[in-house]
There are 2 protein chains.
Amino acid sequence: MSFAFNDRPGLAPETRDRILVIARSMGWTPSWRARALSVSRALAVGLVIARPPDTLRADPFFPSFIAGVEGVLAEHGYALLLQLVASGGTGDSAYRRLATEGRVDGVLLTDLHVDDERPALLAEIGLPAVIVGPDLEEPCWPAVGVDDGPGVQAVVAHLVSLGHVRIAHVGGPDVLVHGRSRRVAWASALMSAGLEPGPFVEADFSAEAGATATRQMLELAEPPTAIFYANDLMAMAGIAVAASQGLSVPAQLSIAGFDDTELGAHLQPPLTTVTTDVVGWGRAAAVRLLDLIEQREPAALGLCPPSLVVRGSTARAPTTQVPAS
Amino acid sequence: MSFAFNDRPGLAPETRDRILVIARSMGWTPSWRARALSVSRALAVGLVIARPPDTLRADPFFPSFIAGVEGVLAEHGYALLLQLVASGGTGDSAYRRLATEGRVDGVLLTDLHVDDERPALLAEIGLPAVIVGPDLEEPCWPAVGVDDGPGVQAVVAHLVSLGHVRIAHVGGPDVLVHGRSRRVAWASALMSAGLEPGPFVEADFSAEAGATATRQMLELAEPPTAIFYANDLMAMAGIAVAASQGLSVPAQLSIAGFDDTELGAHLQPPLTTVTTDVVGWGRAAAVRLLDLIEQREPAALGLCPPSLVVRGSTARAPTTQVPAS
DNA sequence: TTGTACGCGTTATCAT
DNA sequence: ATGATAACGCGTACAA
């Protein structure tokens with residue numbers, strides 16, 4: 001029986017072998033259902049994705065993230081339970097159900113809102129959880145820190161070194177921590193470079209919103225010479241808007257993204273952006289969550305820092321002012 | 001007890017109410033683990049994704065598909081178990097494990113290869129499965145038909161009506177059924193239009209491969225005046241390649257994609273493509289699979305047919321031959 | 001080493 | 001017809 005499989009001490013080797021042979025010959029595999037019941041663990045972790053489908057479609061985050069998570073989970077015999085919540089909320093009820101039904105032993109939290117009530121909810125329920133996102137004010141909660149700061153700083157420094165002075169930002173929703181943190185990093189990087197913050201438009205990470213925001217930027221009396229977008233998708237839409245207005249990128253307008261989408265490298269011009277180790281986050285988050293579930297000491301985990309990828313969409317700032325509109 | 005929840009006959013209404021009230025006051029929820037054990041069902045279905053992470057990242061298919069699947073499953077109290085297999089195979093062992101451990105009651109099959117051995121494997125194991133993909137030779141197997149034919153035909157018809165004669169195709173891997181089916185549809189559409197098949201390059205759905213294929217096309221002695229790509233990602237990369245070679249799209253080269261990625265609509269020029277109801281496939285696949293698992297008669301399910309979206313990347317064929325290179 | 005109680009909802013059986 | 005009771009599924013863990 002189970003001793004054989006778990007290779008426990010106190011069992012004659014030959015007996016164990018005999019059992020294993022017979023078991024194999026019968027095609028026996030431990031039933032996961034029974035196992036889950038007896039150890040009173042689900043042997044699964046949940047990932048609730050609360051995002052409008054449209055934003056989700058073009059986002060390279062989740063596939064990579066899930067790949068990282070799943071790799072670790074599989075090694076430990078855990079399964080990944082995916083749940084999408086369509087509505088605008090953060091899916092509280094989904095988490096609650098997952099927890100009370102005992103379907104999962106822990107959950108991963110992404111797309112955290114500022115003042116997100118999910119951590120409190122999960123603490124109340126007593127469900128282990130790992131937050132994936134930029135460091136919060138309360139660092140006590142287990143989280144894999146995804147500090148966008150260095151990446152953003154690298155972009156701004158790059159643009160500053162090219163002589164840009166009016167560096168704009170098209171951000172994600174400010175209620176999302178990773179939207180806000182990128183904006184804050186952008187603002188503080190400008191400040192520490194001695195520049196005043198350029199124009200800022202809040203968008204929602206979608207191409208549509210990126211395009212609209214770009215149009216707004218270009219209609220300004222004093223348009224920026226460089227725009228930094230909170231993700232590649234918006235940046236790519238931005239390049240298209242500039243092109244459609246006869247503005248040449250990067251000669252007249254420099255554009256930088258964030259995420260390093262595959263397509264970005266193959267556009268014309270190829271997109272300057274920031275690579276982030278999303279698979280690594282996934283792995284780290286999974287390791288941390290399993291440590292939490294199995295009450296192990298949290299292992300130290302190394303994450304690749306974000307790194308700037310300079311490509312063709314950024315160049316020296318134009319010496320003459322770009323005429324408005 | 002369970003009679004109350006399942007609303008079985010043979011129980012006085014007032015007793016049932018009393019039980020429910022007490023249960024609620026105690027915050028009781030049926031344990032999913034015990035339930036799964038006693039009904040000897042996992043109450044979950046599996047989705048094994050066997051794809052290189054890079055191809056996965058930029059693909060809008062899975063997020064939409066999963067959204068569709070998950071919506072249906074949640075309604076029926078089923079969970080979605082996600083598994084990614086990194087290696088090049090189709091993840092046979094992953095399916096086998098899922099089945100023998102009893103973690104799932106059925107699986108969804110995507111990215112089917114020609115001569116895929118998974119259907120046979122699953123039949124042998126006795127695990128209900130629904131294939132998502134173009135109709136196969138053996139229509140006996142439960143599948144949600146994703147017939148790309150009409151969409152491809154619409155694209156070709158559109159290009160033909162614009163006067164194009166040399167219509168090329170950059171396809172997906174020919175070992176994948178949806179790669180092959182699009183190529184076949186393209187070839188037969190050309191044939192029925194009385195045109196000889198234009199040049200064909202097999203790629204792998206990635207932007208990189210799309211770009212390379214496009215370069216090959218444009219180096220031909222007699223380059224095509226229109227290229228139809230098996231997905232938007234390759235098409236977008238194709239537009240960029242053309243642009244970088246000083247070829248104007250659509251004036252000198254028409255380009256069409258397949259999938260209707262969000263970004264496609266916001267590029268310059270916006271991409272002509274085919275919308276497919278991926279969320280609908282997800283829903284249909286889930287419904288079908290649950291019917292199969294619960295041994296119901298398969299419900300008829302309506303799928304939106306693919307539809308052509310004409311945008312700016314296609315135009316009348318140039319009257320003068322495009323000079324090579 | 002071997003046997004047995006346990007976890008927990010479901011369902012069939014047995015009284016009432 | 002209605003309520004109560006027991007057996008079941010299947011590993012696990014502890015006692016014997």
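- Aromatic ring orientation, B:Phe205 versus B:His178: parallel (interplanar angle below 30°, classes split at 30° and 60°).
- Atom-to-atom, CZ of B:Arg18 to P of D:dT2 comes out at 14 Å; the value is rounded to the nearest Å.
- A:Trp32 has its CH2 atom 19 Å from the P atom of D:dG9, to the nearest Å.
- Smallest separation of non-hydrogen atoms from A:Thr276 and A:Trp281: CB-CZ2, 3.8 Å.
- Straight-line distance from the CZ atom of A:Arg41 to the C1' atom of D:dG11: 14 Å, rounded to whole Å.
- Not one side-chain nitrogen or oxygen of B:Ser38 sits closer than 4.0 Å to the OP1 or OP2 atom of C:dT11.
- Closest approach to the A:Arg35 side chain among D:dC10, D:dT12, C:dC8 is made by D:dT12 (side chain taken as heavy atoms from C-beta onward).
- A straight line from CG of B:Leu20 to C1' of C:dG9 spans 15 Å, rounded to a whole angstrom.
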Practice task
Could you walk me through whether A:Glu124 and A:Arg118 pass the salt bridge (Lys or Arg N to Asp or Glu O under 4.0 Å) test, one step at a time?
Solution key: CA-CA 10 Å; A:Glu124 179 203 324; A:Arg118 284 178 294 171; over 6 Å; no
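- The residue B:Ser40 sits apart from the nucleic acid: no heavy atom pair falls under 4.0 Å.
- Taking atom CG of residue A:Leu43 and atom C1' of nucleotide D:dT12, one finds them 12 Å apart after rounding to whole Å.
- Taking atom CZ of B:Arg33 as the reference point, atom P of D:dT12 lies 14 Å away to the nearest angstrom.
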Practice task
For B:Asp105 and B:Arg41, run salt bridge (Lys or Arg N to Asp or Glu O under 4.0 Å): C-alpha distance rounded to whole Å, both residues' side-chain angles, the deciding distance at 0.1 Å, then the answer.
Solution key: CA-CA 6 Å; B:Asp105 303 316; B:Arg41 281 237 204 89; 5.2 Å; no
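- At whole-Å resolution of the value, CG in A:Leu37 and P in D:dT12 are 11 Å apart.
- For B:Val39, taking side-chain heavy atoms from C-beta onward, the closest of the listed nucleotides C:dG7, C:dT11, D:dC10 is C:dT11.
- What separates CZ of B:Arg16 from C1' of D:dG3 is a distance of 16 Å, to the nearest Å.
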